[in-house]
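In the text below, chain A, chain B and the rest are named by the order of the sequence lines, each starting its count at 1.
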4 protein chains.
Amino acid sequence: MQFKEKQSIYQQIAEYMYEQVLGGKWPDDTRIPSIRDMAVQMEVNPNTITRTYTLLQDQGIIYNQRGIGYFTTAHASEVARVQKKQEFIQTFLPEVFKTMASLNMPVEELEALYRDYMTQNKGRLYENK
Amino acid sequence: MQFKEKQSIYQQIAEYMYEQVLGGKWPDDTRIPSIRDMAVQMEVNPNTITRTYTLLQDQGIIYNQRGIGYFTTAHASEVARVQKKQEFIQTFLPEVFKTMASLNMPVEELEALYRDYMTQNKGRLYENK
Amino acid sequence: MQFKEKQSIYQQIAEYMYEQVLGGKWPDDTRIPSIRDMAVQMEVNPNTITRTYTLLQDQGIIYNQRGIGYFTTAHASEVARVQKKQEFIQTFLPEVFKTMASLNMPVEELEALYRDYMTQNKGRLYENK
Amino acid sequence: MQFKEKQSIYQQIAEYMYEQVLGGKWPDDTRIPSIRDMAVQMEVNPNTITRTYTLLQDQGIIYNQRGIGYFTTAHASEVARVQKKQEFIQTFLPEVFKTMASLNMPVEELEALYRDYMTQNKGRLYENK
DNA sequence: GTGGTCTAGACCACC
DNA sequence: GTGGTCTAGACCACA
């Protein structure tokens, strides 16, 4: 996996995991890769994965069974969806709208850009990795 | 001024200055507050303001007259607009659209949220502080 | 059986067995469930039960007859009582008192909480499961 | 500082910090030792202190000012008191009472032990370090 | 100076 | 095998 510069690696891996859950790759209440396996897969130090898993556990997306491994929670996908949507609407969108206002960009242009984006990425979403 | 946690302070101040320029508070080719005044106003270490001013100077939004002070450039507002729009479309929007896709949020909902936002903030934009 | 997070499973099962002995469910010198049966009953890996039984055996609460099974010792209840009381007074209570001191909680409040607890759980103690 | 075996070091340091706050050594809204200083003082790796500080920050006892250091929050002592008391009553005391019941220990004995403890430790509480 | 992050490697208890 | 913790050392952005 390639990492961007601006965000910390463990957060980017958290993003990746959100995608797995939201995209249905990791159904509710199933085992996910062990810390060591994930570290190998992501080409990263196990400690970094530990950081990510701890974060996701605090957020109620995954949990741990002693000596066995990590699992998605029973309502992981729902929790993830609600959480991400709330964050999106409350902290992300206002930034978007504020910027649009300062640029005098009409909502129609936003729509147009959206359609461009969707046709370009049609079918490619969540096929990553 | 209150600062968010996630972004560095000098960048948040840069954001603030962009707003001043784009909102017409700081017309092209006019003097802006000295580093010291700005530091007092923002309740921040002068070093931090220096960093912001250096950034804005590199971007061609402001320039320095030795011993006199900092000024907005002749085309500050235009430069700011172009620059911000480019950043918005290339690095910000893709994130927005990707999140929308993962949440199955239709573009119509985005529009609706936009209109909500605009009615709520009608006339309040750029009355900051 | 539901397990808490902070304590290891084999120790929690040991706790459960102490209760059986102290509560008279398992009289002195009687057979207790086999490792396999206990594992099924507790929904746990047999290895974990083995660990618990080994611990209890070391403490003189149970013993093993090869090929037959595990039994409580002749003085199991007495041994368990003494042992638990010692542990309680030497390692547990000091923590309690220290916390009370830091919270400025008077001993009267402790008493009151004790009576609350006892009335709520009257008759329910050792009706476990 | 000497560490016990059963609890992880970073949690024991968290306990220590709670004592500082509850005992008034660290008033509300004051700077606390930097991560590096604390690491030296506790004879521990800075990463371990980071772990502790992150925990306390999540609990709202301390907060961070970028590039400056960590501070106790405005209501640190209150938050700490409430939090610790709740934990004590809900998760600690039931264990105590349950054990007392299984040992047939009357509440009077608990009182007596409490008075013993207090006379022994009179004046010594919170004078540590 | 500050904290934030990451790596490499290790040891441990537990299942 | 699993995760949890700790160390030593490093680099970076930031104030």
Side-chain angles (χ1 to χ4, degrees), chain A residues 3 5-14 31-39 42-55 57 62-71, chain B residues 3 5-14 39 42-52 54-55, chain C residues 3 5-14 39 42-52 54-55, chain D residues 3 5-14 31-39 42-55 57 62-71:
Chain A
F3 297 104
E5 289 185 1
K6 293 305 277 181
Q7 209 178 3
S8 57
I9 294 178
Y10 83 92
Q11 283 172 332
Q12 293 183 51
I13 295 175
R31 180 147 190 256
I32 65 173
S34 76
I35 289 183
R36 286 166 170 81
D37 287 352
M38 197 68 162
M42 292 289 169
E43 298 174 29
V44 138
N45 187 290
N47 283 337
T48 306
I49 302 295
T50 299
R51 205 126 158 47
T52 305
Y53 278 23
T54 303
L55 176 67
Q57 190 170 35
I62 63 179
Y63 70 98
N64 176 300
Q65 285 202 1
R66 311 178 71 108
I68 300 179
Y70 276 91
F71 297 76
Chain B
F3 296 104
E5 289 184 1
K6 297 301 281 182
Q7 208 179 2
S8 59
I9 293 178
Y10 86 94
Q11 282 172 330
Q12 293 183 50
I13 296 175
M42 293 289 169
E43 297 174 33
V44 140
N45 190 300
N47 286 337
T48 305
I49 302 296
T50 302
R51 190 146 188 186
T52 304
T54 303
L55 175 66
Chain C
F3 297 103
E5 290 182 0
K6 293 306 274 183
Q7 211 179 0
S8 59
I9 293 177
Y10 87 93
Q11 282 173 330
Q12 293 184 50
I13 295 175
M42 293 289 169
E43 298 174 33
V44 140
N45 190 300
N47 285 337
T48 306
I49 302 295
T50 301
R51 191 146 188 186
T52 304
T54 302
L55 175 66
Chain D
F3 297 104
E5 289 186 359
K6 290 306 275 182
Q7 209 179 3
S8 58
I9 294 178
Y10 83 92
Q11 283 172 332
Q12 292 183 50
I13 296 176
R31 182 148 189 255
I32 65 174
S34 75
I35 288 182
R36 286 164 171 81
D37 287 353
M38 197 66 161
M42 292 289 169
E43 299 174 29
V44 138
N45 187 289
N47 283 337
T48 305
I49 302 295
T50 300
R51 205 124 157 48
T52 304
Y53 278 23
T54 303
L55 175 67
Q57 190 170 35
I62 61 177
Y63 70 98
N64 176 299
Q65 284 202 5
R66 310 179 70 106
I68 299 178
Y70 277 91
F71 298 76

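Judged by distance alone, with hydrogens and angles left aside, D/Arg66 brings no side-chain donor or acceptor close enough to the base of E/dG3 to form a pair under 3.5 Å. For D/Arg36 against E/dG1, no side-chain N or O and base N or O form a donor-acceptor pair under 3.5 Å. Contact annotation: side chain of A/Asn45 to base of E/dA8, donor-acceptor pair present below 3.5 Å. Residue side chain A/Asn47 does not reach the base of F/dG3 through any donor-acceptor N/O pair under 3.5 Å, judged by distance alone.
Listed pair B/Ser8 / F/dC14 meets the phosphate criterion, a side-chain N or O lying under 4.0 Å from OP1 or OP2. Remark: D/Thr48 is not in phosphate contact with F/dC6, judged by side-chain N or O atoms under 4.0 Å from OP1 or OP2. For A/Tyr70, a side-chain nitrogen or oxygen approaches OP1 or OP2 of F/dG4 to under 4.0 Å. The phosphate of F/dC14 (OP1 or OP2) has a side-chain N or O of B/Tyr10 nearer than 4.0 angstrom.
The side chain of A/Ile9 lies closest to E/dC6 when the candidates are F/dT2, E/dT5, E/dC6. Checking F/dC6, E/dG4, E/dC14 against the side-chain heavy atoms of C/Gln11 singles out E/dC14 as nearest. Which of E/dG3, F/dG3, F/dA13 sits closest to the side chain of D/Ile35 comes down to E/dG3.
Summary of the strand contacts: D/Gly69 and D/Thr50 both lie near DNA chain E, and taking for each the nucleotide with the nearest heavy atom, the more 5' one is attributed to D/Gly69.
Following rounding to the nearest Å, A/Gln65 (CD) and F/dG4 (P) show an atom-to-atom distance of 13 Å. Nucleotide F/dC6 holds its C1' atom 16 Å from the CE atom of D/Met42, rounded to whole Å. If you measure from atom CD1 of D/Ile62 to atom C1' of E/dG3, you get 12 Å, rounded to the nearest angstrom. As rounded to whole Å, 13 Å separates atom P of F/dG4 from atom CD1 of A/Ile49. Summarising the geometry, the separation between CG on A/Asn64 and C1' on E/dC14 is reported as 11 Å, rounded to the nearest angstrom. Nucleotide F/dT2 holds its P atom 12 Å from the CZ atom of A/Phe71, rounded to whole Å. Atoms CD (D/Glu43) and P (F/dA8) sit 12 Å apart, rounded to a whole Å. Computed from coordinates, the A/Ile68 CD1 to F/dG4 C1' distance equals 16 Å when rounded to whole Å.
Pairing partner, F/dC14: E/dG1, with both Watson-Crick or wobble hydrogen-bond distances short of 3.5 Å.
Of the possible polar contacts, one joining the A/Arg31 side chain to the A/Ile68 backbone as a donor-acceptor pair under 3.5 Å is found. A distance-only check finds a donor-acceptor pair linking the side chain of A/Asn64 to the backbone of A/Arg66 [under 3.5 Å]. Using a distance-only test at 3.5 Å, with no hydrogens or angles considered, a donor-acceptor pair links the side chain of C/Thr52 to the main chain of C/Tyr10.
Below 30°, between 30° and 60°, or above 60°: for A/Phe71 and A/Tyr63 the angle between ring planes is below 30°, a parallel geometry.
Heavy atoms only, all atoms of each residue included: B/Ala39 and B/Asn45 are closest at CB-C, 4.4 Å.
Contacts of D/Arg51 with the nucleic acid, taken as non-hydrogen atoms under 4.0 Å apart, involve only primed sugar atoms and P, OP1 or OP2.
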Steps toward side-chain contact (heavy atoms from CB on, under 4.5 Å) verdict (A/Met38, A/Tyr70): CA-CA 11 Å; A/Met38 197 68 162; A/Tyr70 276 91; over 6 Å; no

